[in-house]
Participant: 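For reference, the structure I am asking about is given below.
Computed over heavy atoms, backbone and side chain alike; hydrogens, waters and symmetry mates excluded.
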Amino acid sequence: MSYSISDIFKTDEYKLLFWLSEHQSKTRDGPVIKFSQAELAAELQHSPASVNKWMQALCKAGCIQIKKGGSYLMTNKGKKTIDTMKKIETILADGQ
């Protein structure tokens, strides 16, 4: 199994959060994530049950919010988490 050193810090939940941050749609109310959990499961090639578990964990952690109509919003806490992980990845990359 091949992985980079920074992969050891990436949980499935973080990978999903990062993916969501990269796939936001611009709306008049700001960026939202317009994927159902079934669509996310298909896109990420994981089971709907796994995606649901990860989404619930991200909601509980305050990184995303469920919006009406089945869309999601990346919170400031979610954005800060992504920014912090990018800094960690930079630190780890400098050590290689």
Participant: Identify the heavy atoms of Ile82 and Phe18 that sit nearest to each other, and give their distance.
Facilitator: CD1-CA, 3.5 Å

Participant: Please report the closest heavy-atom contact between Ile64 and Met74, naming both atoms and the distance.
Facilitator: CG2-CA, 4.4 Å

Participant: Checking the side chain of Thr75 only, and the main-chain atoms of Cys63 only, is there a donor and an acceptor separated by less than 3.5 Å?
Facilitator: yes

Participant: Among all residues two or more places apart in sequence or in another chain, which pass the side chain to side chain contact (heavy atoms under 4.5 Å, CB included) test with Thr84?
Facilitator: Ile88

Participant: Which value, rounded to the nearest 0.5 Å, describes the distance between Leu20 atom CG and Leu44 atom CG?
Facilitator: 7.5 Å

Participant: Please name the residue in the list Gln24, Lys34, Gln37 that meets the side chain to side chain contact (heavy atoms under 4.5 Å, CB included) test with Tyr72.
Facilitator: Gln37

Participant: When rounded to the nearest 0.5 angstrom, what distance separates CD1 in Ile33 from CG in Leu40?
Facilitator: 8.5 Å

Participant: For the NZ atom of Lys86 and the CD1 atom of Ile91, what is their distance to the nearest 0.5 Å?
Facilitator: 14.5 Å

Participant: Please name all residues satisfying side chain to side chain contact (heavy atoms under 4.5 Å, CB included) with Glu43, sequence neighbours left out, ordered by chain then number.
Facilitator: Trp19

Participant: Residues in side chain to side chain contact (heavy atoms under 4.5 Å, CB included) with Ser47, at least two apart?
Facilitator: Ala49, Ser50

Participant: How long is the straight-line distance from CE of Met85 back to OG1 of Thr11, given to the nearest 0.5 Å?
Facilitator: 7.5 Å

Participant: Could you tell me if the side chain of Phe35 sits less than 4.5 Å from the side chain of His23, heavy atoms only?
Facilitator: yes

Participant: Within a strict 4.5 Å, meaning less than it, do heavy atoms of the Ile66 and Met55 side chains meet?
Facilitator: no

